[in-house]
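These notes are about the structure you will find just below.
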Amino acid sequence: MEHEIKPSVTDREGERLLPVRVLYGTRNTAKLSEMRERLKSLPIVLTGLADLKQDVPDIAETGSTPLENARQKAEFYYRTFHMPVFSCDSGLYFDRVPEDIQPGVYVRRVHGKNLTDEEMIAYYSGLARKYGNLKARYKNAVCFVLDDTHRYEAMTPSMESREFLLTDRPHPVREQGFPLDSLSVDAASGLYFQDLGQDAWEKETDGMLEFFQEVFGKLAKVMNGTE
């Protein structure tokens, strides 16, 4: 089902952009819902891979950074479905742990295996138990492909989550698709992310929204032939 959106957005020169149907390159319905809420002020009709009702080929993510993976996915889905598409990717980084257990872009894939939500909780709570509460942050990236000649991407500090702790004592509340939220504790307040709500990642949210606001300002010019 397509998400109801605001009708238009205006850039600095007053150029108006009509709603654009955009594919978000993810099968994760929780991430799709979160992104729809995050971008609801922009002229986007956001569609996920599951909404396409057709076979979606798998893509091997071989990048060494979140931005490389986001770019790989966005370009692949654009070539496959021939529509505007963006993909995101994240890396999880801990302070003071051996390099061989640093998750980086392999947050869900451990020792060559893609973990379920519960397996992720068990694995990462075990790391926290072994090394003590882990000081952590997410580095996030996005790549948006409009057409054959227009691509926009970013991986900036404003997109990073604020620093938090990963604990070995899971919160009883689980959110499907975001398993590590149940282990994530705000470093300042000591409260679980599940008890803080969406405002816990306000810094990251602002960074992603700012990226799309800038992109859609540029798109207004592209659509009107002034760029």
Side-chain angles (χ1 to χ4, degrees), residues 1-53 56 66-67 69-78 80-91 107 137-147 150-162 175-178 180-181 193 196-224 227:
M1 180 180 296
E2 293 184 343
H3 185 62
E4 183 178 354
I5 59 171
K6 302 294 182 181
S8 64
V9 68
T10 304
D11 72 357
R12 293 178 183 176
E13 288 74 33
E15 295 169 312
R16 196 170 175 84
L17 182 66
L18 295 177
V20 179
R21 184 168 181 253
V22 176
L23 176 64
Y24 179 17
T26 183
R27 293 180 175 87
N28 189 317
T29 56
K31 290 183 177 179
L32 178 61
S33 296
E34 180 191 54
M35 191 62 73
R36 280 174 170 161
E37 178 64 25
R38 181 178 293 187
L39 303 182
K40 64 183 180 181
S41 63
L42 296 178
I44 298 177
V45 178
L46 200 57
T47 299
L49 294 173
D51 298 323
L52 298 178
K53 307 301 183 185
V56 178
L67 184 56
N69 279 340
R71 186 186 302 131
Q72 283 182 359
K73 290 185 288 186
E75 291 180 342
F76 175 81
Y77 292 130
Y78 175 74
T80 302
F81 299 111
H82 309 288
M83 64 182 294
V85 58
F86 73 89
S87 289
C88 301
D89 204 72
S90 299
V107 181
R137 69 190 182 283
Y138 288 104
K139 294 183 179 181
N140 303 290
V142 58
C143 179
F144 182 100
V145 180
L146 174 66
D147 54 30
H150 294 90
R151 185 181 76 189
Y152 309 92
E153 58 185 36
M155 180 176 166
T156 63
S158 67
M159 291 180 179
E160 293 181 10
S161 72
R162 71 188 195 187
E175 183 175 359
Q176 186 176 4
F178 295 93
L180 296 190
D181 284 357
F193 173 66
L196 287 171
Q198 188 59 36
D199 287 346
W201 300 141
E202 183 177 359
K203 179 182 177 184
E204 175 201 341
T205 300
D206 285 349
M208 192 67 71
L209 178 59
E210 287 167 5
F211 168 80
F212 280 100
Q213 286 172 332
E214 181 179 354
V215 165
F216 273 80
K218 293 177 179 178
L219 289 186
K221 298 178 180 179
V222 171
M223 296 296 187
N224 286 287
E227 182 175 280

* Donor-acceptor contact present, side-chain Ser161 to main-chain Tyr138, <3.5 Å -> yes
* Start with the C-alpha distance between Leu39 and Leu209, add both sets of side-chain angles, then the distance that settles side chain to side chain contact (heavy atoms under 4.5 Å, CB included), and finish with yes or no. => CA-CA 7 Å; Leu39 303 182; Leu209 178 59; 4.2 Å; yes
* Taking atom CG of Leu67 and atom CD of Gln72, what is their separation to the nearest 0.5 Å? -> 10.5 Å
* Relative to each other, are the rings of Phe86 and Phe212 parallel, tilted or perpendicular (30° and 60° limits)? -> perpendicular
* Please test Lys31 against Glu34 for salt bridge (charged side-chain N to carboxylate O under 4.0 Å, His left out), starting from the C-alpha separation and ending with a verdict. => CA-CA 5 Å; Lys31 290 183 177 179; Glu34 180 191 54; over 6 Å; no
* Asked: Side chain of Asp51, backbone of Gly48: donor and acceptor closer than 3.5 Å?
  -> yes
* To do: Evaluate the side-chain proximity of Tyr152 to Val142: yes if any heavy-atom separation is below 4.5 Å, no if none is.
  => no
* **Minimal non-hydrogen separation, Met35 against Cys88, with atom names** => CE-SG, 3.9 Å
* Asked: Just how far is it from atom CZ of Arg151 to atom CZ of Arg71, taken to the nearest 0.5 Å?
  -> 5.0 Å
* Structure fact -> Closest non-hydrogen atoms of Pro66 and Gly91, given as atom of the first, atom of the second and distance, are CG-N, 3.6 Å
* Just how far is it from atom CD of Glu75 to atom CD of Glu153, taken to the nearest 0.5 Å? -> 8.0 Å
* **Side chains of Leu146 and Phe144 in contact at under 4.5 Å (non-hydrogen atoms)** => yes
* Asked: Between Arg137 and Glu160, is there a donor-acceptor pair closer than 3.5 Å when you use the side chain of the first and the backbone of the second?
  -> no
* Asked: Just by distance, do the side chain of Asn140 and the backbone of Met159 share a donor-acceptor pair under 3.5 Å?
  -> yes
* For side chain to side chain contact (heavy atoms under 4.5 Å, CB included), just list the numbers for Val85 and Thr80, CA-CA rounded to whole Å, side-chain angles, deciding distance to a tenth of an Å, and then say yes or no. => CA-CA 10 Å; Val85 58; Thr80 302; over 6 Å; no
* Apply side chain to side chain contact (heavy atoms under 4.5 Å, CB included) to the pair Phe211 and Thr156, showing each step before the final yes or no. => CA-CA 10 Å; Phe211 168 80; Thr156 63; over 6 Å; no
* Structure fact -> The reported gap from OG in Ser87 to OH in Tyr78 (rounded to nearest 0.5 angstrom) is 14.0 Å
* **Distance, nearest 0.5 Å, that separates NZ of Lys73 from OG1 of Thr26** => 7.0 Å
* Reported CZ-to-CD1 distance for the pair Arg21 and Ile44, which is rounded to 0.5 angstrom -> 13.0 Å
